Structures are given as C-alpha cells and as structure tokens.
Amino acid sequence: MSRTASPAPTTPQGGPRGGLPGTLAAPVDHELVVKKSRFLAHLAPAPSVEAADAVVARLRKEHWDARHHCLALVVGTHADQQRSSDDGEPSGTAGVPMLEVLRRRELTDVVAVVTRYFGGVLLGAGGLVRAYSGAVAEALDVAAADGLLRRREVLTEVTVDVPHADAGRVDHLLRDWAQSHDAVLEEPTYAAVARLALLVPPAQLPHLRDDLAAASAGTLTPVPGADRVVDLPR
C-alpha cells in the first residue's frame, strides 16, 4: 500500500468536514488549449514552501520562452500556508482561481503551476479565470483517474511482540484485521521476538486489543505508540 507518514500535530485543528486535507502522491501534467493559447498545468507534491519554489524554478527554466508561470500552493498538515501568483497576468485572473480549485478539492502539500504560451487572442478577465482554474481542475481529474490522490488520516502506531514460532499465524491474522478495520500493516522486525507493527485508527484500538486477546487466549497485547498522519489511497 502506497503511503507516506509524518508526526501528527499535537493540537488538532479543523480540516475539511472535520478531517484533514488530502494530498497528491505524484506529479501530474495536463494541457488545456483555449483560442490558441496553451495552458500547461503541472501539479506536484510539495511538503514545504521551499519544495514548491524548487518546482517553480525548474519549470521556469524548462519553459523559459513562455510568457507566464502562474502559481498556487498549499502546504501544511491543515493547509496552514497558502500562496498564489498571477505572474504578469491581470490581477486576480490566474493565481487566486487556481488556489480556489485546490481549496475546493481539499488538498494540501501541493503546488500547481500553469505555464501559458500566448496564442495571439486576448481572452479577457473571465476567460483567463476559466482557463487557469480549468487547467488545474482538469489536471486534478487526471490525477484522480490515475489513482494519485490521497486522503489523510491520523493513525496510532501499535506494536505486537510475538514468539517467532507464532509470527506467521499472527501476521496473517493482523493482515486480515487491518483490511477490515481501516488499519495499515507495517514491516515487521525480528530480534529476540518478532515485532509486528500496525497503524490503527484510534477508535479501533479497543477492538484490536479484544480481537488479539480472543485469538491468543490472552497472551498477546498490542502496545500503542505515537499518532502519525498517514497518506492513504482514496
């Protein structure tokens, strides 16, 4: 299962519908042509403003002959930092509409850059707004179709120490349990005992404890650890 994780915030704040914004797993490109103007949308994961700036710098170098490289970025676990740039387009016609698309799609740690090659026909303010926002929206539709969008959840690290002789059986049990309880099985480690690890929704912790106790006659006990923000497929 593809995922990335980072330490969870110590003070929860309100996210979309009470949860956390989602994110993008990998870069995506999409081209929109409007009255001969080419709008090249590039969306990429950006865990920091510095990472977003590096994406913009690369695209400026790659498309050095383009007239505009308009920007929208959202970073932070709770979409804490947001920025946009019209890069020479009339004020409010590019960066902010692009940013609004990211907000409506409830995404963070994402940078969107739309590079425009002018086609010789003026689009007007409304036409520019539709083109820039549409390029980002269509790129996100491509990302969704390709399975590149991720939801984020706060999960609790849990370890279970198991005798080596029982590791295979318990590992199989935990795999089945994880699939039915929205949990994630991590890679095990082996030392004096086999240490199996999961990321578990906090509300499911009592169920894990009870199910493990029932399956092992009370000999196995899950040990909760830190909470983590985990990216999961939508």
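Just so it is clear, the values below take in all heavy atoms, side chains as well, and ignore hydrogens, waters and symmetry mates. Keep in mind the model is a prediction, meaning the values are calculated, not measured.
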Option among D109, D80, V111 that satisfies the side-chain contact (heavy atoms from CB on, under 4.5 Å) test with V75: D109
Here the gap from L155 atom CG to L205 atom CG, rounded to the nearest 0.5 Å, amounts to 9.5 Å
Which residues share a salt bridge (Lys or Arg N to Asp or Glu O under 4.0 Å) with D53, sequence neighbours left out: R83
Taking the side chain as C-beta and beyond, is there a heavy-atom pair between L185 and D171 under 4.5 Å? yes
Do the non-hydrogen side-chain atoms of V96 and D86 ever get within less than 4.5 Å of each other? no
For A41, is there any backbone N or O sitting under 3.5 Å from a side-chain donor or acceptor partner on H30? no
Give the ring-plane orientation class for Y117 versus H63, where under 30° counts as parallel, over 60° as perpendicular and anything between as tilted. perpendicular
When you measure from the side chain of D87 to the backbone N and O of H69, does any donor-acceptor pair fall under 3.5 Å? yes
Closest approach of L32 to G134 (non-hydrogen atoms, all atoms of both residues): CD2-C, 4.2 Å
Check R38 against L40 and note the closest heavy-atom contact, atom names and distance. NH2-CD2, 3.7 Å
How long is the straight-line distance from OG1 of T93 back to CE of M98, given to the nearest 0.5 Å? 10.5 Å
P27 and P45, any side-chain heavy atoms less than 4.5 Å apart: yes
Tell me whether the count of non-hydrogen atoms from other residues, nucleotides or ligands lying under 6.0 Å of CZ in R103 goes above 12. yes
Single-linkage hydrophobic cluster, 4.5 Å side-chain cutoff, L107 and V136 together: yes
With a 4.5 Å heavy-atom cut-off, do L149 and L24 have their side chains touching? yes
Sub-3.5 Å donor-acceptor pair from the side chain of S37 to the main-chain atoms of G119, do we have one? yes
Polar side-chain atom of D29 near backbone of H42 as donor-acceptor pair, under 3.5 Å: no
Would the distance check show the side chain of D231 and the main-chain N or O of R151 forming a donor-acceptor pair, the cut-off being under 3.5 Å? no
In Å and rounded to the nearest 0.5 Å, what is the OG1 to CD distance from T115 to E62? 8.0 Å
Would V114 and E89 count as a side-chain contact (heavy atoms from CB on, under 4.5 Å) if you check the C-alpha gap in whole Å, the side-chain angles of each, and the deciding distance to 0.1 Å? CA-CA 12 Å; V114 177; E89 294 282 27; over 6 Å; no
Separation between CG (L140) and CZ (R104), nearest 0.5 Å, reads 10.0 Å
Just verifying a value: how many Å separate L199 CG and Q204 CD, rounded to the nearest 0.5 Å? 13.5 Å
Sub-4.5 Å side-chain heavy-atom contact between R116 and L128: yes
Looking at T23 and T108, would you say the former's side chain and the latter's main chain have a donor-acceptor pair under 3.5 Å? yes
pair V162-L220: side-chain heavy atoms closer than 4.5 Å: yes
About how many Å separate CG of D166 and OG1 of T219, when rounded to the nearest 0.5 Å? 7.5 Å
Is it true that atom CZ of R195 has more than 12 heavy atoms of other residues, nucleotides or ligands lying nearer than 6.0 Å? no
Minimum side-chain heavy-atom gap T156-P202 below 4.5 Å: yes
The test is side-chain contact (heavy atoms from CB on, under 4.5 Å); show your working for W177 and V200 and say whether it passes. CA-CA 10 Å; W177 190 93; V200 179; 3.9 Å; yes
Side-chain contact, heavy-atom cut-off 4.5 Å: Q82 with L102? no
